[in-house]
Amino acid sequence: MSISAPRLLLIDDTPAALKLLSLMVSSMGWDYETAEDGEQALAKIQAQQPNYYSIIISDWMMPNLNGLELLKTLKKDAQRRHIPVILQTALADKENMQQGLNEGAFYYLTKPLDMDLVQSVIQSALRDYKSHQTLREELAKITESFSSVTQAEFHYKTIEQARGLSLLIASLTDEPEDTVVGLFELMINAVEHGNLGITYDEKTQLIEQERLADEVKQRLQQEGYRDKYVTLQLHSDEQNIDVVIRDMGQGFNFEDYLEFSMERALDNHGRGIMMANNCGFRSMTFSDGGRQVTCKIARH
Amino acid sequence: MQAPDLPFNEAERIVSLYALGLLDSEPDERFDRVTRLAKRYFDFPVVLISLVDRQRQWFKSAVGFEVKEAPRNTSFCGHAILQDDVFAIPDATQDPRFANNPFVLNEPFIRSYYGIPVKAPDGHQVGTLCLIDYQPRTLTSDQLETLKDMGRMVEDKMALNNIIRQARAARHRELRLNAILQNELDAIVSIEPDGLIIAANPATEALFGYRQSELLDHKVDKIFHRPFLKQIHAFIQQSELSNDGQPLRYEVRGIRACGEVFPMELSVSQIEIEDETQIILIMRDISERKAYEQQLQTLLDRLKRSQQFAHIGTWEWDMQTDELYWSDGAAVIFGLQHEPLNLKIEEFSNRIHPEDRETVADAVKRCVESRDRYDVEHRIIRHDGHEIWVQERGDVIYDEQGQPLKMLGVVIDIDAKKRAELELDERRQQLQQAQVRAKLGHWQANLKTGELYWSDVIYDIFGIDKTVQPSVELFQSCVHPDDLHLIDKSHDSGKQDGIHDLVHRIVRPDGEVRWVHELADMVLEDDQETYILTGTVQDITDLKRVEQELLEQQNQLRAAMLQAERASQAKSEFLSSMSHELRTPLNSILGFAQVLMRDKHLNELQQDSLQEIVQAGKHLLELINEVLDFARIESGQIDLKIEDVALEKVVQDCVQLLKPQALGKQVELLVSSDIGYKVRADRLRLKQVLLNLISNGIKYNVVNGQVKVDCQLEQDHVRVKVTDTGLGISPDKMQKLFTPFERLGQEGSAIEGSGIGLTISKTLIEYMGGDIAVQSQTEQSQQGTEFSITLPLAQSQLNA
């Protein structure tokens, strides 16, 4: 299946708003379809293959099925829960935002829309979606797994290595499609923020400038960074897999990133740890000032 | 006639005679045989064996003679015993000693007498064997010798008789002794000094359970619990030392054949029989006695203990000697360790509490004089100084003349009870007072008979004279007519749940209506038809009034709150819909403008115009946001999440966000390095305030000016200062700084603003427990304005 041609579903009951959003999206060069309320949208989504829509942007307040209800319904659909849902509303109060994010919305856009932000958010959602979708697809290719492992230690340096390793480990778990995302996010976090010392704001900027991958590659070659590696230890018993990921960086204030934060709600990244924290691990504990994270995952 | 002299040893002779036991005895063939033989041999008509008594001679055997005895003073034999040889009188008429003897002159006309003295075995001449004839006779020397021999024969008979008699006596003695031994209840055992048993009576067999054969020739230790021979010897020594002839008694333990050990009383004595020493043991089973003693002791102990437990003691006062006896129990009550000796009545009278002495004295007097029972409660001062209450009961014993002899009685420690009573009295009084004050009375009603009891307070509540006898009927007449049905209802439900609980009105005789609360238990008597109610009634008129007032106030308050809530709800809804309704069109304005701006075919004018639209739209948006925010804050609809916030991080975030603005205005942003404090604040709202202040500093600054952020510690607060290098604010305008929509003459200027930023900041800072202040210089030399806020320090920093 192809993920190269993303298709967006835009939903709003106000014709002017729907028209505006459509204009914005098309001017940004993406394909889209529209719906005038949640019910109509759900019908459309369910009529198609699960991966037909790459992103759903929905107004909150709508007749029939509102945006939040639509979101909840999709999150219960095992095949469609990975589709990023961006909510938009003219109600800009904190409680609503928090509620939407807690239910698993990717973003919460407030009207009036800022076109640059809309673009950035869509790009970010697509990037995550593609990346995770690729992971999941690769996961499906793993037929043989080292399921008899009880104890192992890995060292890795690059994002690509992290990706491969996360797939391998996820394949051992009970819900690999969920855990792979969490593991991958934690593992690249250890590389990018840990070993390579890229700060939150730097990353914001690098994504903005689409230079993140290059910067990572560059730092991996640099003196002071190139000898650093991440250690991943794995212990397994009949029920659980314990994964310990340890980097060689300066550590970070992990408490701030475990939950949705209003301050970062509109940033183009910063939800990796939060996603890991919500991806179905039995437990996730940071220690040593954020240099080490321990996850307990149900075994397959 | 000459009466015979008395022998020199007459007294001993008489003893010897009596010892023979022949006087007045039955005839004896053995003696008669001698007299018959003598008669035949000598051919004398009379032969006698005569025993010479004090005043008479008595004939043990007589042939040819009728009388059994004759006076001594006229006797021939009395003379005969004075000499050893035959006393021979051949012819009495020729002998001056007997010629005028009445037995010679008269019947039986004795003429000749031959008597040989006979001796008792001990040698005393106790009588004679004599021959008598009525004509003169002369015996040959041969015959005289024969007579002597016959006299010896009599002596032999007497000796034999003595032996027989002694033997018989001995036999009797033995029989008697045996009878005693056989029937004796005590066990009697005789042993040899080496401990061998040589005799034992039947009681011994019974006592120890051995047969004679099992005892005789066995060691005496067999019957003692412990080897005992040595001790027996020690006992004997003691016995001898004590020297009063009485055998000593000991308590020892014996052992029966069955192995049972039992206590016995033992007396030991030692006797000599034919130079052989025997030890006599007399033993008696005293287990029963011991058991009785034990029982008695137990009873005494029990009595003593029960006295102690019951705090009871007994006493006895000898009124003649004033001696006093106290039992242990009594002594303890009076604070002594144990039963004292030699007490006088003063010991008691001194212990009576001074205030109670008269009472006690009166009671004693009444008891003695009027024979009333002595029964008095009073206080005593114990030995240790404690004061306790006791009760005494007693009686007097009189002698035959009616004089009081003794007083006997008990003393009981009733301190705890008495104190409880006294306390109860006090409590009762307090309760009474409390009830009066609380206007609370208690009552009991019998619904069947209509009887009713009221405590005093109830009369006051109902306004009824205390002389009136209350009744259920009277009560009902006092109940407010409209509330009568409530009483019936409460009684009906009380029959189910046993509780009578209601509030109703009463009408006092003076017409005043009062509220009362009745609360009672309702109990059905055993007869299944009588209900008894016991409970209280309280005048709650005042309470009711207050309650009523409170209720009214509450209602008003509730109405006001409801109104306020509705208003607030309306406002909240209004703000929400305002936000929504304003944003929706603005979304179109800004959105389409932004889309248009991306069109590369627009000319400069069109681009400019679009820029203006976007600019104005953003300003409008900001205005809407602030106005709505302000409205929300004003109506208290914000939830602050107060937590420990790192000041530096917030300031840096603000600077980061405002950098583009500062760059555009060519204003330098300076952050002091001394801002590493943690404060108590809502992170987002604090950021909002700082953004407002710094952004103002930028907006109202001069070109190439500066905005500086620093802070200082003020006790438990941190003051954050934002200082600009602008033109400053004149004092008259400063007052209006925090007034909403006051832009201080900037309304028409190019500087955008809503005019409520500072108002919001002030409110927010105050919500967070701080304040906001402003200082400004408008002098040319020292321009600039300093806005400062204070925030509480985080707890962690206070301690540091």
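Letters A, B, ... are given to chains in the order of the sequence lines, protein chains preceding strands, and every chain is numbered from 1.
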*Could you list the residues that satisfy salt bridge (Lys or Arg N to Asp or Glu O under 4.0 Å) with E581(B), not counting sequence neighbours?*
none
_Non-hydrogen atoms of L113(A) and Q594(B) that approach each other most closely_ = O-NE2, 2.8 Å
*Give a yes or no on whether M561(B) atom CE has more than 12 heavy-atom contacts from other residues, nucleotides or ligands under 6.0 Å away.*
no
*asked:* To the closest 0.5 Å, what do you measure between CG (D653(B)) and CG (D201(A))?
replied: 7.5 Å
*Region of L586(B) that comes under 4.5 Å of a non-hydrogen atom in chain A*: both
*If you draw a 6.0 Å radius around CD in Q250(A), do more than 12 non-hydrogen atoms from other residues or ligands fall strictly inside?*
no
*Please check if atom NZ in K75(A) has more than 12 non-hydrogen atoms from other residues, nucleotides or ligands closer than 6.0 Å.*
yes
*Can you establish whether the number of heavy atoms outside K762(B) located under 6.0 Å from its atom NZ is more than 12?*
no
_Contact summary for K618(B) and D114(A), nearest pair of heavy atoms_ = NZ-OD2, 4.2 Å
Would you be so kind as to tabulate the donor-acceptor pairs closer than 3.5 Å made by side chains of residues 655-662 of chain B, with sequence neighbours excluded?
none

_Nearest heavy-atom neighbours spanning L590(B) and P112(A)_ = CD1-CG, 3.7 Å
*Can you find a pair of side-chain heavy atoms, one from T584(B) and one from K111(A), that are under 4.5 Å apart?*
no
*Which pair of heavy atoms, one from F592(B) and one from L23(A), lies closest together, and at what distance?*
CE2-CD1, 3.5 Å
*How close do R598(B) and D116(A) get, heavy atom to heavy atom, and via which atoms?*
NH2-OD1, 2.8 Å
_Atom CD of residue position Q209(A) - does it have more than 12 heavy atoms of other residues, nucleotides or ligands inside 6.0 Å?_
yes
*Roughly how far apart are N587(B) CG and T110(A) OG1, rounded to 0.5 Å?*
9.0 Å
*Check whether Q119(A) gets within reach of chain B through its side chain, its backbone, both or neither, counting any heavy atom under 4.5 Å.*
side chain
